[in-house]
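Remarks on the structure that follows.
Lettering follows sequence order; numbering is per chain, from 1.
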Amino acid sequence: MNTSAVQLQAPDEATRERALSAGLWAFLVVVTSLFSLFLTAYVMRLSSPDATAVEMPRQLWISTSVLILGSLMMHRRQLNAGGACAMGFLVAQWWAWQALQAEHVVLTGNPAASFFYLLTALHGLHVAGGLVAWANVQASPTPGRIAMCARYWDYLLMLWIVLFAAFTWITPEVARVICGVSP
Amino acid sequence: MAYVIPTRPDDESHHAPQSFWTRYVWSQDHKVIAVQYGCTAIAVGLVGLVLSNLMRLQLGFPGEFAFINAERYYQFVTMHGMIMVIYLLTALFLGGFGNYLIPLMVGARDMVFPYLNMLSFWFYLLSVVVLIASFFVPGGPTGAGWTLYPPQAILPGTPGHDWGIIVMLVSLLIFIVAATMGGLNYVTTVLQARCEGMTLLRMPLSVWGIFTATILALLAFPALFVSGVMMLFDKVLGTSFFMPSLVSMGQLSAHQGGSPLLFQHLFWFFGHPEVYIVALPAFGIVSDLISVHARKAIFGYRTMVWAIVAIGGLSFVVWAHHMFVSGMNPYFGFFFATSTLIIAVPTAIKVYNWLLTLWRGDIHLSVPMLFALAFMLTFLLGGLTGLFLGNVSVDIPLSGTYFVVAHFHMVMGVAPLLVVFGGIYHWFPKITGRMLDDRLGHLHFWVTFLGTYAIFFPMHYLGLLGMPRRYHHFTDYEFIPASAHAFNAWITVIALIVGAVQLVFVFNLLWSAFRGRKAGPNPWQAASLEWATPETPPAHGNWGRDLPVVHRWAYAYSVPGAPRDFIAQDAPSKDGGAEPAYGGSP
Amino acid sequence: MAIAVVLFIVVLASLLFHWLTPWWVTPLASNWGRMDQTLWITFLITGIFFAVVSLVLVWTLWRYRHRAGHKAAYEPDNPRLERWLIGITTVGIVGLLAPGLVVYADYVRPPKDALVLEVVGEQWQWRFRFEGADGRLGGTDARFISAENPFGLDPTDARGLDDILVSGNEVHMPLNRPVHVLARSNDVLHDFYVPPFRARMNIVPGQVSSFWFTPTVAGRYESMCAQLCGVGHPNMRGIVVVEPEPAFRAWLGQQGTFTAALAAAAAAKAKAPAGGNPLVDQGRALAGAKGCVACHSIDGRTIVGPTWKGLFGKMETMDDGTTARVDEDYLRNFIRNPTARSVKGYPPVMPKVELTDPELDALIAYIKALAPQ
């Protein structure tokens, strides 16, 4: 067979975006699995006697607001603003870490603190990964790709709210009730 | 390997590679990536094989090889296990077979994310390099067993507790990134890139097995990631996720409050689906091998799909059968014994269906078929011994003994590996356009099958006797008779022979790739789509100008009234061979 | 056709091996005969499935082998047959699971009147503790663990003062009385495994795990560790002696209590050798702090490694037959690089212990002081 005349058709943009969208959904399932497992470990570990509740620094309200703003911006196709808000979120999270360090809440010694740093770090890494994709989308900002950014931003926002709620409401006392451990 | 390069390459995602580097090294072509995965996996598997032979030298002839001291023995045990399970079997089934077969079997030009696919291989290679590097760090590799249980893995008394465990965990984290990148590709390609007419229920079982295993991998590897990151934190940063208050070698540790059982739950939440990540592709592939070489449709295709999916789903609720004697809440034992024995039902159905495929078939005893038959026997045995261990009260005296070692080697080491070999003999002509040498294939088959059976079948009885696993020596035990020691020596000899014959296989691969008898485009007269490419080996883009259109399932063998004993999947609709009607379109 | 013949032979040989095997469960020495019965039921049911499926396979290979003119049938499915097979399999599964769970229901409920035995695992030896006259075990914590108090008993807990402590890897128990084993670890995961008793459980640091059994046959049994716990794992061996109640009582009476152990430690401290030599005193403290005394005794008995009593100055034989005099250089090299040589008769499991040079000098001075001058 003479293949010298064969020209392979590139997939059109619609097909490509359908594939990217499906891939993104699959990735979100993986991330959900990851954080669900972490949260299960969090509850199990917090039920031991050496855990004490950590008071959430007020900077987290700022970072949460910035993240909400970021999602809103993404939904309005404001790619740059959305990205800036994600960066702002990371800065605010870093600020929150500094505030906790100043209160002598360190990584070791209290599993509630260990989990706080670990989970916010991993969430932050996923936000940073989103910014890498965002930089790619900047090169060809089609509505479909911006919509996918919005989806990812929304997901990380929802995940952050779940984590924030867990840190605030699933205290060692609550964890002990869940695990059936007598106080 | 010949790649035909179109003279007018198109846009970047289907840009036919031009230079040596873009064709064979930085390739985004799924076929090249598959071969890269396969070669790397086989190479690291040979390292794992050598390690097992070293272990056997110590067990068969204790004390004769002074350099295999206790420290090294446990390092070999650990590296052998981790290499074989993760870096060989998982990488080979998903990255090797998955990458090669999925696009071809579903009629796609390539995976949907070729760049990500390429990255996934290089991350995998990096993880292998990091793993091998653990042999060269101070203290050597970790000797904590492939299960890496804390607290011992990061405490003095266990080899590699300083550096080896860190390198191992880092390597695993890199592997998980690679597996996730590959997994996203396989799943999305199966869901999105099937050609016209290729419904999900017309895909061959090889694809179903690999697809389901990929979903398991995407959901289960995060558990290993979680446990690995938390153990790294405990080791490097002093947290106490898994480390309770303890005194090690006279020193009160700085840790407190952590739970070693938390690690085990997380590890086995990954670890049990992991064995199905290895087994399900094997189930799928062997179904196709049996069907093609017996010229008969796989019996009960829909039931086989249901069984694969059911096994995949159930695999997430059986994990603590690895922990019956762990010291966890004993009442969990009731649940996990029940779920484990339930999973035996769809598994047994698959065994019956393979047998029923052969029944009234036209059985050609080619080398792939030989391996498939040996799989059936060894998987039957290995699966049945799983029922001993899954039944909690029977497991209590058998856990931690050679019964467990024999079981998992038979069901995960021997059986799937026989499918790997069978699959390679089967698809080698597709990949290279040449046949593997038949006589060497027979030699490889007989020695491997009979040798591994002779090693692992009697080993179950050593476990019944009560010989514990992970022992560097067994001197002066009143309850262990001399025959057991003699048997250990015999196993070692057989293992060395089986190891040596794998070199025959490697030689066959290399020699036949260049000098093997030329195969036509479809030497096995198979019906599935991967055999219908215009070129053999398939060119970049697989299908030439037009994608295939499919009119039937992949198992139209020996259809009554048909001119030949198979009807290709993409043959015109008027040729018949439609899949059985199931009351409603698939 | 070779494959059909070979498979047939392999299946037959496997069944034959099962009947003729020299390796079978050790003779039962406890009440858990029902575990053995469930094992037998499992062998029976799985054996039938194995034989039937594999012999049908062999028959099929022969009957339907490819030959000229032979064609395969077209039979893509048979839902009725599938349902039957699912049904039969389910019956088989239930037949296995039901007895297993019934036995397990007893396993998780130890009898109330059982004798409590605490097993303490530590790299790489066993210790045991019995309740004293008060019928209660004292509390423990890792921070109390020391060379004088290897059980980690809380000295302020009155319940522990009369606890009977047994070191040295050998424990006795009375015949025909249920034993409720409470298992603890000072360091890593272990598992107290005595095959003739059938019952066993992993030992997890930071918690107490338990199991129970009734020893029914008097005798001496080998106990082993069955959860990989480091390089000394295969060396973590012990003896369990099952004897009639009066003999057990006599043995128990000879073991010391926690109170006695505390007193002995205080007395030993009072008349410490070479009292007044600060280097030796520092060495003695280090021997405790660094865990040397876990494996090296100072009174002549062998724990894991050679005793330090009389060690300095003697001729030691290595595994390879060579001999060496135990002088300062020998000790220095051995402690710095414990796996470089292996002393005959001892397992090569000594870990590398972190010591500064001055600390090493002190330790050597202490070891020297334990030998006759």
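Heavy atoms closer than 4.5 Å to chain B are found in both the backbone and the side chain of C:P234. If you measure heavy-atom distances from B:I349 to chain C, the contacts under 4.5 Å come from the side chain alone. Using a 4.5 Å cut-off between heavy atoms, B:W446 contacts chain C through its side chain alone, with no backbone atom that close. Heavy-atom distances place no part of C:I203 under 4.5 Å from chain B, backbone and side chain included. Only the side chain of C:W59 comes within contact range of chain B, with at least one heavy atom under 4.5 Å from a heavy atom of that chain. Heavy atoms of C:A199 lying under 4.5 Å from chain B belong exclusively to its backbone. Heavy-atom distances place no part of B:A153 under 4.5 Å from chain C, backbone and side chain included. The contact between C:Q123 and chain B is made entirely by side chain atoms (from C-beta outward), counting heavy-atom distances below 4.5 Å. Looking at B:F388, both its backbone and its side chain come within 4.5 Å of chain C, counting heavy atoms on both sides. Neither the backbone nor the side chain of B:M243 comes within less than 4.5 Å of any heavy atom of chain C. Only the side chain of C:R237 comes within less than 4.5 Å of a heavy atom in chain B; its backbone stays farther off. No part of C:F197 comes within reach of chain B, as not one of its non-hydrogen atoms sits under 4.5 angstrom from that chain. In this structure, chain C has heavy atoms under 4.5 Å from both the backbone and the side chain of B:F334. Heavy-atom distances place the side chain of C:V6, and not its backbone, under 4.5 Å from chain B. Neither the backbone nor the side chain of C:E122 comes within contact range of chain B; no heavy atoms are under 4.5 Å apart. Proximity to chain C (any heavy atom under 4.5 Å) is restricted, for B:F449, to the side chain, taken from C-beta onward. Both the backbone and the side chain of C:T46 come within contact range of chain B, judged by heavy atoms closer than 4.5 Å. Neither the backbone nor the side chain of C:R184 comes within contact range of chain B; no heavy atoms are under 4.5 Å apart. For C:T21, the part lying under 4.5 angstrom from a heavy atom of chain B is the side chain only. Heavy-atom distances place the side chain of B:V394, and not its backbone, under 4.5 Å from chain C. Heavy atoms of B:T385 lying under 4.5 Å from chain C are absent altogether. In this structure, chain C has no heavy atom under 4.5 Å from any part of B:N69. Residue B:P346 does not touch chain C at all, counting heavy-atom pairs closer than 4.5 Å. With a 4.5 angstrom heavy-atom cutoff, B:A484 touches chain C via backbone and side-chain atoms both. Heavy-atom distances place the side chain of C:V204, and not its backbone, under 4.5 Å from chain B. Of the atoms belonging to C:M350, not a single heavy atom falls under 4.5 Å from chain B. Of the atoms belonging to B:I298, it is backbone heavy atoms, and not side-chain ones, that fall under 4.5 Å from chain C. Heavy-atom distances place the side chain of B:Q264, and not its backbone, under 4.5 Å from chain C.
Atom NE2 of residue C:H66 and atom CE of residue B:M369 lie 12.0 Å apart, to the nearest 0.5 angstrom. Atom OG of B:S399 sits about 9.5 Å away from atom CE of C:M201, to the nearest 0.5 Å.
Side-chain contact between B:L465 and C:W24: absent, with no pair of heavy atoms (C-beta onward) separated by less than 4.5 Å. Counting heavy atoms from C-beta outward, C:V94 and B:L341 have side chains that stay 4.5 Å or more apart. Side-chain contact between B:D362 and C:K71 is absent, with no heavy atoms from C-beta onward closer than 4.5 Å. Annotation: side chain of B:F445 is in contact with side chain of C:I3 (closest heavy-atom distance under 4.5 Å). In this structure the side chain of B:I396 reaches within 4.5 angstrom of the side chain of C:Y104, judged on heavy atoms. Put simply, the side chain of C:W32 does not reach to within 4.5 Å of the side chain of B:P397, judged on heavy atoms. Residues B:L377 and C:V11 have side chains in contact (heavy-atom distance under 4.5 Å, counting atoms from C-beta outward). Annotation: side chain of C:F50 is in contact with side chain of B:L380 (closest heavy-atom distance under 4.5 Å).
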Go through the steps for B:T401 and C:Y193 under the test side-chain hydrogen bond (donor to acceptor under 3.5 Å, both in side chains), then give the verdict. CA-CA 10 Å; B:T401 68; C:Y193 181 49; 5.4 Å; no
Full working for side chain to side chain contact (heavy atoms under 4.5 Å, CB included) between B:M323 and C:N202: CA-CA 9 Å; B:M323 296 170 64; C:N202 274 191; over 6 Å; no
What's the verdict on ring pair (Phe, Tyr, Trp, His ring centres under 6.0 Å) for C:Y221 and B:F479, showing C-alpha distance, side-chain angles and the deciding distance? CA-CA 9 Å; C:Y221 303 98; B:F479 77 98; over 10 Å; no
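Here the closest non-hydrogen pair linking B:L356 and C:L81 is CD1-CD2, 3.7 Å. In terms of heavy atoms, B:W553 sits closest to C:P76 at CH2-CB, 3.7 Å. Of all non-hydrogen atoms in B:G361 and C:H70, the two that sit nearest each other are O-NE2, 2.8 Å.
Distance alone, capped at 3.5 Å, places no donor-acceptor pair between the B:Y461 side chain and the C:F17 backbone. A distance-only check finds a donor-acceptor pair linking the side chain of C:E222 to the backbone of B:E478 [under 3.5 Å]. A donor-acceptor contact shorter than 3.5 Å is absent between the side chain of B:R295 and the backbone of C:A73. Checking side-chain atoms of B:R360 against main-chain N and O of C:A72 turns up no donor-acceptor pair under 3.5 Å. The backbone N or O of C:L228 lies less than 3.5 Å from a partner atom in the side chain of B:Q152, making a donor-acceptor pair.
Heavy-atom pairs under 4.5 Å with chain C peak, among B:W359, B:F474, B:Y453, at B:W359. Here B:N391 is the residue among B:L387, B:N391, B:T340, B:L450 with the most heavy-atom pairs under 4.5 Å with chain C. Per-residue counts of heavy-atom pairs under 4.5 Å with chain C were compared for B:L365, B:T357, B:T147; the largest is that of B:L365. Contact tally against chain B (heavy-atom pairs below 4.5 Å) for C:L7, C:V194, C:V25: the top residue is C:V25. Ranked by heavy-atom pairs under 4.5 Å with chain B, the list C:V103, C:D191, C:L101, C:T90 is led by C:L101. Ranked by heavy-atom pairs shorter than 4.5 Å toward chain C, the options B:P151, B:P468, B:G143 are led by B:P151. For chain C, the option among B:A297, B:A144, B:A454, B:P330 with the highest count of heavy-atom pairs below 4.5 Å is B:P330. Top candidate by heavy-atom pairs under 4.5 Å with chain C, chosen from B:V325, B:L252, B:L246, is B:V325.
Classified by interplanar angle (parallel below 30°, tilted 30° to 60°, perpendicular above 60°), the ring pair C:H233/B:Y471 is perpendicular. Under the 30°/60° scheme for interplanar angles, the aromatic rings of B:F487 and C:W23 are found to be tilted.
When the shell of 6.0 Å around CH2 of C:W62 is examined, it contains 12 or fewer heavy atoms from other residues, nucleotides or ligands.
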